[in-house]
Novice: 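The structure follows.
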Amino acid sequence: MASIDYPLERPRHGEKTYSFSEALYSWVSTVDHKRLGLMYIVAALIFMIIAGIMAVVIRMQLMFPESHVVSPDTFNRLFTMHGTTMVFLLGMPMIAGFSNYFVPLMIGARDMAFPRMNAFGFWIFLFGGLLLYFSYIGGGGLGGAGSAPDVGWFAYAPLTSKAFSRGAATDYWILGILVSGVGSIASAINVIATTISLRCPGMTLSRMPMFVWVMLVDSWLILIALPPLNAAQIMLLMDRHLGSNFFETQAGGSAVLWQHFFWIFGHPEVYILIFPAFAILSEVIPVFSRKPIFGKPAMVGAVVAIGFISLGVWAHHMFAVGMTAWSNTFFAASSMLVGVPTGIKIFNWTATMYGGRIRYSTAMMYCCAFLLQFLVAGLTGIMLAVAPFDWQLHDSYFVVAHFHFTLIGGAVFGIFAGIYYWFPKVTGKLLSEKLGKWNFWLFVIGFNMTFLTLHFAGFLGMPRRIYTYAPDRGWDTINFIASVGAFIQAAAVACFVWNVLYTLKKGEPAGDDPWDGWTLEWATTSPPPEYNFEKLPVVRSSRPLWDLKHPQDPDWKYE
Amino acid sequence: MFNHAQLALLQANVPGLPQHRIANIFRPLATPGASEKNIALLTLAITGVIFVVVAGLIIYTMWRFRRKPGDDEHQEPPQVYGSNQIEVAWTVIPILIVFVLIGVSARVIAGVENASPPASTTKVTLVGHQWWWEVDYPQFTVRTANEIHVPVSRDGNNATYLTLESQDVIHSFWVPQLGGKMDLIPNRQNFTWIDPREPGVYYGNCAEYCGTQHANMLLRVIAQEPADFNTWAANEAKPAVEDPSVSAQKAVYQSLSCVNCHTIRGTGSIGQFGPDLTHLMSRENIGAGVLTNTPEHLRAWVNDPQAIKPGCLMPSMKLTDKELDQVVAYLETLK
Amino acid sequence: MSHEIHHGEAGERTEQSHIELPHPTFWPMVFAFGITLLCAGLVTHWAVSAVGFVLAFRAALGWWHDLIPIEKYEEVPVDPAHRPAPIMVETRTVVRLKLGESGHRVHVPESARPYSAGIRGGLAGGVAMAGLACLYGLIAQHSIWYPINLLAGVVIPDMGSQSLEQLRAFNGLAFVAAFIGHGVLSILMGIVYAAILPMFPKHAPFWAGILMPLFWSGLVATTLNILNPVLNERISWPWFVVCQLAFGLIGGYVIARSTNIHTMQSWSIAERAKLEAPGIRPPREDSDK
Amino acid sequence: MADNEALTADALTLEQQWTPPDRGKVGIIFLIITETALFSIFVAAYLVYIGKSLVGPYPKDVLEIPIIATICLLSSSLTVYLAEHALSKNELGRFKFWWIVTICLGLEFLVATGLEWKKLIYEDHLTISTNLFGSTFYSLVGLHASHVTVGMIFLLIVLAVTLMGFPIQTQFRRVLFLSWYWHFVDAVWVVVFTVVYIVGR
Ligand code: HEA
Ligand code: HEA
Ligand code: CUA
Ligand SMILES: [Cu+2]
C-alpha cells in the first residue's frame with residue numbers, strides 16, 4: 001500500500017500505478033492519520049462550498065425587499081442547513097482534520113493513539129453529514145414530498161415537536177448531528193490520548209507547540225460540551241417517537257430547558273470552532289515574524305481559562321427568555337470575563353509580531369486580518385454580553401454580523417492561514433501566492449461589505465431569519481450592499497478552489513521546509529512518508545528545529 | 001401573486017399619528033428603550049476606545065516591523081520570550097474595564113426588570129400564535145389582534161404592562177423604539193412594560209423564529225392620547241355592529257366554515273383559532289401586517305390567503321366570487 | 001513482534017529497512033456505515049435498521065479481529081528515495097536587544113516592582129481616597145455613609161429614587177457593594193501601576209500620579225450620567241478630583257518607594273536552578289531579594 | 001564540542017526515562033468523562049422536572065426502593081475487582097469464578113429493573129408518555145440500564161472467549177479497562193439511585 005493521490009516531486013521508489021478500485025480501496029481502508037486528516041479537511045471544504053452556495057442564495061433572496069427568489073419554506077431550510085452545515089460539517093471536521101494531520105507530526109509520533117477509531121471517526125462524521133443531506137430526499141418520509149430541516153440551527157422547542165414539525169425533517173437534523181457527533185467525540189478522545197501518551201522523548205507539556213496545546217484544550221471542550229447536545233437530542237427524539245414529554249409544552253414540558261441544554265453545548269461550541277484558528281495563528285505568526293511566541297505560559301493559561309469560563313456563560317443567548325435579574329447579571333458578567341483571556345491572546349500575538357521581521361505571505365496576511373477582524377468580533381460580543389443592550393440586539397442582524405465576524409473573520413480566516421501555511425507540507429507544492437493575494441483581498445473586502453454593514457441592519461431593528469421584508473423599514477440599501485459582498489466572497493472562495501486545483505497540477509515544488517519553520521513537521525519530507533519520521537525525534541525545547549539550526553544558540557538553554 | 005412593493009405605497013396612515021417605521025434602537029421613545037440606549041452608548045464608547053487603541057497597535061506593529069527590502073538577511077530579530085509585567089498589565093486593565101461594565105449592566109438590568117408597576121396602568125395580555133398576535137385587555141374585556149393600542153405615557157406614569165404568553169411556539173415581542181425584546185413562551189408567563197412618550201405607530205417584528213411565516217409576523221404599537229385610547233377601547237368592548245342592510249351577507253358568512261376559526265362577538269361565530277374579527281375594520285392591517293386593510297386587500301385575503309402569506313394557517317377557502325363579495329361586504333361593516 | 005522504536009535527532013535516518021505501522025482495514029468504515037443505517041432506519045424503514053445492524057455486527061467482529069489477539073501491523077518499507085533534506089545549520093545571527101549585552105533572548109523587563117507593592121499601593125491609595133470621601137460626607141452631609149451610598153449607585157438601581165435622608169443612613173447592601181467595588185478597583189489599579197512603572201521614564205511616576213487621576217476624572221465626568229446617575233446628580237466635582245489625586249499620589253508613592261526586584265525571567269532554568277556554570281551571563285549585583 | 005556531547009547524553013537519558021501514560025488508559029478515562037457529561041444532563045432534566053408532572057402517577061405512589069438490585073450492582077464492583085486482580089496474578093480459575101459472579105450480579109440487576117418496569121407499566125400505568133415523571137424516569141434509568149447492558153455484553157464476550165480457551169491473560173489491559181467501565185456504571189447508579197429514589201420521592 002502506498003500513496004497514490006497527490007503528485008509527488010521526488011519519484012517514489014518502485015512506484016507503480018494503481019487502478020481506480022485499488023486506489024479507492026486504499027483510501028477507504030486507510031488508518032493513516034495524514035490521509036484521514038486530509039479527507040476530513042477536503043470533506044469539510046466541500047461542505048463549506050455547499051453551505052456557502054446556500055448562503056449566496058439567502059443573500060440573493062434578501063438583496064431586494066419583497067423578492068421571490070425562493071419560497072418562505074425553502075428560505076427557512078436554507079438558513080437552517082447553512083448554519084448546521086457550517087457549524088457541524090465544516091467547523092467540527094476541520095478541527096479533527098487539522099489535529100489529525102499535525103498533532104502526531106508536531107509531537108513526533110508515527111500515528112494517532114487509536115488509528116482504527118480514527119478511521120471510524122472520519123467515516124461516521126461523513127455518513128452523518130450525508131444522512132443530514134439525505135433529508136432533502138427523505139425528509140417527508142420515504143415516498144412523501146422531501147424536505148430538509150427548517151427549524152434553525154438551534155432547533156428551539158417546541159417548534160421541533162411533532163405538532164409543529166411534521167414529516168421527518170427534524171429527525172434527520174437530530175440523527176445527522178447525533179451520528180456525526182459520535183465522530184467528533186471519537187476524534188477528540190483520540191487527540192487527547194495521542195498528546196498525552198505519544199509525545200516523543202523530551203516533549204514535555206511545557207515544550208509542546210501551542211498548536212498541540214490548543215487542540216488538546218479544544219478536544220477537552222468537545223468531550224464536555226457535545227454530550228449535553230446529544231443528550232438533549234436523544235430526549236427530543238424520544239419526544240418525537242416514544243411520546244415522552246421533555247419539551248412538550250402541552251404536557252408541562254419546558255421550552256426553556258431545551259435552550260439551556262442547547263446552549264450549554266452551544267456556547268462552548270463557538271469556542272471549539274475558534275480554537276483551531278487560535279492554534280494555527282500561534283504557529284504561523286511566530287514563524288513569519290521570526291520570533292518565538294510571546295508569553296507562551298500565559299497563552300496556554302489563556303486557552304485553558306477560556307475553556308473553563310466558556311462553560312459558564314451559556315445563558316447569554318437567552319437574555320430575552322425572562323430570566324431573573326440575578327441570572328442575567330451573572331451571565332452578563334461571566335460573558336464579559338471571557339474577554340480577558342481572549343484579550344491576552346490578541347495582545348500576545350501582537351507582541352509576537354512586535355519587534356519581529358514580518359514576512360507577508362498569504363498565510364501571514366490571513367493572520368493579520370484575523371487579528372483585526374476578530375477584535376471587532378470580540379468587541380461586538382462584549383456589546384451583546386451587556387444584557388440590556390442585548391435585549392435590543394438579540395436575534396437581530398447585529399447578532400448575525402457578530403457571529404459571522406467570529407466565524408469567518410475568526411475561524412475561517414484562521415483555517416485559510418493554516419491551509420496556506422501547511423499546504424506545501426501536505427502536498428509538496430506551494431500554493432500560488434498571486435492567486436492567494438486575490439483570494440485574500442476579495443475575501444476581506446467582500447466579507448466586510450457583507451457583515452460590517454449588517455451590524456447596522458440590526459441597529460435598525462431587522463430581525464434575523466426573515467425571508468423577506470417591507471421596503472419602507474430602512475433595510476434595503478444595507479441588504480443590497482451585503483448581498484453584493486456575498487458575491488465577492490463567492491469569487492474569493494472560487495479563487496481559492498482554483499488555486500488549489502491549479503497548484504496540484506502545476507505548482508512549484510516546495511521543499512521540506514519552505515518557511516524556515518521550527519516545529520517537528522518541517523523536519524520530515526513534504527509530503528511526509530507514512531511513518532512520518534525514520535527515527536522518532538528527541539526534543540529539548542519548544543522549537544526543536546531552531547535548536548538544530550542554531551547549535552550555538554539553542555533554545556533549550558534559555559527555557 | 002401580489003406586488004407588495006406597490007402595495008406598500010398605498011399604506012394608509014392613522015390620521016394624525018406619526019408612523020415610526022424605521023425602528024432605530026438609538027432613537028428610543030420610551031423608558032426601557034432609553035435606558036438601553038444609554039448603556040449601549042457607554043458600551044459603544046468603551047469598546048470603541050478599545051478598538052482604536054488595540055487596532056492602532058496591531059496596525060502599527062504590522063507596518064513598523066514588516067520586512068523591508070533593505071533588511072539584513074543574515075539576521076534574525078531578537079528572540080523575546082515574554083514579559084510578565086506587560087502581560088499582567090494587559091490582563092488587569094481589561095479586568096478593570098469589565099468590572100465597571102458589569103456594575104453598570106447589573107444596575108440597568110435590575111432597573112428595567114424589577115421596576116414595579118405604578119397603581120394606574122394599562123394591562124395587556126399578548127398571546128403569540130403562528131403567525132399573528134392576540135391582544136387582550138382584561139381591564140376592558142377587549143380582544144383584538146396584531147395592533148396593540150396603548151395610551152401615551154408622557155411623564156412616564158402611564159406605562160402599559162404586558163403579560164406575554166404563547167399558544168404554540170416561542171415568539172418574541174420587539175418594538176425597538178420602545179424597548180428590548182421579551183419572548184412569548186408556551187407554558188410560561190413573561191412580563192414586560194412599555195411607556196411610549198409620543199403618540200404614534202411604532203413598528204416591530206416577531207423576533208424569535210417561529211416557523212414558515214416568521215417574517216410576516218409584524219407588530220404595531222399604536223400609542224394614542226389617553227382620551228383617544230379610551231374611546232377606542234370603549235368601541236372595541238362592544239359586540240359586533242349589527243347592520244341590517246347586510247344581514248343576507250352575514251348569513252352567508254355564518255354558513256361558511258369561517259365561524260370555526262374566527263370570533264365575531266354577538267354572533268354565532270365563536271372560533272378561537274384565528275384572529276377575532278369583531279372590530280376588524282378598526283384595524284389598519286390584515287394578516288399581522290402583510291397587507292393594509294382596504295376592501296380590495298380584504299377581498300384578496302379572504303379569496304386566497306396562501307397567495308399573500310404562503311404557509312399561513314388560514315386555508316384558501318375556495319369561495320365563489322359571489323360568496324366572496326358577500327362575505328367581504330359583511331366584514332366591511334365590522335367597524 | 002519486535003516493537004523497537006528508534007529515537008534520534010529530528011530528521012535523522014534509520015538503518016532499519018522497515019517500519020511497523022497499523023495495518024489498513026476497512027472495518028471501521030463499515031461499522032460507521034452500519035451505525036448510520038441503524039439510525040436512519042428510524043426515519044425510513046425498519047429494514048434499513050436491520051441491514052445496518054447486520055453490517056455493524058459483522059464489522060465489529062472484523063475490527064476485533066484486527067486487535068485481538070495482537071494488533072495487526074504492516075511493515076512499511078523505508079524509502080531511501082524519499083528522505084528529508086538534512087537540516088542545515090543557519091548562518092544567520094540573532095540581533096541583540098541591547099548592543100554589547102547577552103540579552104538577545106529575554107523576558108522583558110529584567111527588573112520590576114513586586115506585585116505585593118502594587119497591592120499595598122492600591123490599598124493605601126484606596127484608603128486615602130475613601131477617607132477623603134468620607135470626610136467630605138461628614139462635612140457636607142454630616143454622614144460618612146453618604147458617599148458610600150452614592151458609590152453603590154453604580155450597581156443598585158433604587159439608589160436613584162432614595163431621599164437625602166435615606167442616602168445619609170447606613171445601608172448594608174450598599175455598603176457591601178461599595179466596599180467590594182472600591183476595594184477591587186483600588187487593588188487592580190495598584191497592580192497595573194506597579195506592573196507598568198518600570199516602563200516609565202524617570203520622573204514620569206510622579207506626573208503619572210497627577211495626570212492619570214485628572215484624565216480619569218475627565219473620563220468619568222463624560223460618562224457619569226450612565227455609569228452612576230445618582231452620583232451624577234449629587235457629585236461635588238472638586239472633592240471628587242481631590243479624592244482621585246489622593247489615590248494617585250499616595251498609591252504611587254507607596255509603589256515607587258518599593259525597590260525593584262529582578263524578575264529572573266531572562267534566566268534559563270538551569271541558571272535559576274544554579275546548575276549552569278557561570279560565565280554564560282555577566283555577573284549581577286542584586287541577584288535576589 | 002562539549003555542547004554536543006552533553007546533548008547526546010541528555011538524549012539518551014531522556015529516552016530511557018520517557019514513559020508517558022498508557023494510551024488505552026487515557027482513552028478510557030476520557031471516555032468515562034464524556035459519559036459523565038451525558039449522564040449529568042439526564043440527571044439535570046430529572047431534577048428540573050421533579051414535581052412538575054401534570055397528572056399522576058407520581059413517584060411517591062409507585063416507586064419502591066430497589067434495595068436488592070442496588071446491593072447486587074454495587075457488590076459486582078467488588079467482584080469485578082477481585083476477578084481482575086486474580087487475572088493480574090494469572091490465576092485463571094479464580095478469575096473465571098469472580099467474573100461469573102459479576103455477570104450474575106449484573107444480570108440480577110437487569111432482571112430487577114425489568115420487573116420494576118413491568119410493574120410500573122402494567123400495574124401502575126406509568127409509561128414514558130404518561131407524564132414528565134414517566135419521561136424522565138424511563139430515560140434516565142433506561143440510559144443507565146443500557147450502559148449496564150453494554151457492559152454486560154462485553155463481560156459475556158470475555159467470559160465466552162475465556163471458556164473457549166483463549167489466553168485471556170494476554171488481554172489483561174483490556175480486561176482492566178472493562179472493569180473500570182463497570183466501576184463507572186456502578187458509580188452512576190449511586191447518583192441515579194440518589195436522585196430517583198431518594199431526592200425524587
Ligand atoms: C467563533 C465563534 C464565536 C466567538 C469566539 C464568540 C465570542 C464571543 N461572543 Fe459570540 N456568538 C457566536 C460565535 C462566537 N462568539 C455565535 C455563532 C452566536 C450566535 C448563535 C446564534 O444565535 O445563532 C453568538 C452569539 C453571542 C451572544 C448572544 C447574542 C444573542 O443572540 O442575543 C452573545 C451575548 O453575550 C455573545 C457574546 C460573545 C462574547 C462576549 C465573546 C467573547 O469571547 C469575545 C472576546 C473577545 C474580545 C473581547 C476581543 C479581544 C479582547 C481585548 C482586545 C481585550 C480588551 C477587551 C475588553 C476589556 C472588553 N455571542
Ligand atoms: C462557519 C460558519 C459560517 C460561515 C463560514 C458562514 C458564511 C456565510 N454566511 Fe452564514 N451563518 C452561519 C454560519 C456561517 N456562515 C450560522 C451558524 C448561521 C445561523 C443559521 C440559523 O439562523 O439557524 C448563519 C446565517 C447566515 C445568514 C442569516 C440568515 C437569516 O438569519 O435569515 C446569512 C445572511 O446573510 C448568512 C450569510 C453568509 C454568507 C454570505 C457567508 C459567506 O461567507 C459564504 C462564502 C462562501 C461561499 C460563497 C462559497 C461559495 C463557493 C463558490 C461559489 C465556488 C464554487 C466552486 C466550485 C463549484 C468548485 N449566514
Ligand atoms: Cu413569531 Cu417569529
Ligand atoms: Cu455564546
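Predicted model, so just to flag it, every value in this text is computed and none were measured. Throughout, a chain's letter reflects where its sequence line sits, starting with A, and its residues are numbered from 1.
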Novice: Crowded around C/His18 NE2? As in, over 12 foreign heavy atoms under 6.0 Å?
Specialist: yes
Novice: Just verifying a value: how many Å separate C/Leu67 CG and A/Met117 CE, rounded to the nearest 0.5 Å?
Specialist: 11.5 Å
Novice: Is A/Asp513 in contact with chain C via its backbone, its side chain, both, or neither, using a 4.5 Å heavy-atom distance?
Specialist: neither
Novice: Measure A/Leu237 against the heavy atoms of chain C and call it side chain, backbone, both or neither at under 4.5 Å.
Specialist: side chain
Novice: Taking salt bridge (charged side-chain N to carboxylate O under 4.0 Å, His left out) as the test, write out the residues that go with C/Lys72, two or more places apart.
Specialist: C/Asp66
Novice: Would you name the heavy atoms of C/Pro22 and A/Asp111 that are closest together and state the gap between them?
Specialist: CG-OD2, 3.8 Å
Novice: Locate the shortest heavy-atom distance separating A/Leu131 from C/Ala40; write the atom from each residue and the value.
Specialist: CD1-CB, 3.6 Å
Novice: Non-hydrogen atoms of chain C under 4.5 Å away: do they reach the side chain of A/Pro544, the backbone, both or neither?
Specialist: neither
Novice: Can you tell which part of A/Tyr25 gets under 4.5 Å to a heavy atom of chain C, answering side chain, backbone, both or neither?
Specialist: side chain
Novice: Looking only at heavy atoms, which two atoms of A/Arg116 and C/Trp63 are closest? And how far apart?
Specialist: CB-NE1, 3.5 Å
Novice: So which part of A/Val179 gets closer than 4.5 Å to some heavy atom of chain C, the side chain, the backbone, both or neither?
Specialist: side chain
Novice: Between A/Tyr531 and C/Val76, what is the shortest heavy-atom contact and its length?
Specialist: CD2-CG1, 4.0 Å
Novice: Might you confirm whether atom OH of A/Tyr133 has over 12 heavy atoms from other residues, nucleotides or ligands at distances under 6.0 Å?
Specialist: yes
Novice: Identify the two heavy atoms, one from C/Ile19 and one from A/Phe533, that lie closest to each other, and give their separation to 0.1 Å.
Specialist: CD1-O, 4.1 Å
Novice: Could you tell me which portion of A/Leu175 (side chain, backbone, both or neither) has an atom closer than 4.5 angstrom to a non-hydrogen atom of chain C?
Specialist: side chain
Novice: So which bits of residues 26-39 of chain C come within less than 4.5 Å of chain A, counting non-hydrogen atoms only?
Specialist: C/Phe26, C/Pro28, C/Met29, C/Phe31, C/Ala32, C/Phe33, C/Ile35, C/Thr36, C/Cys39
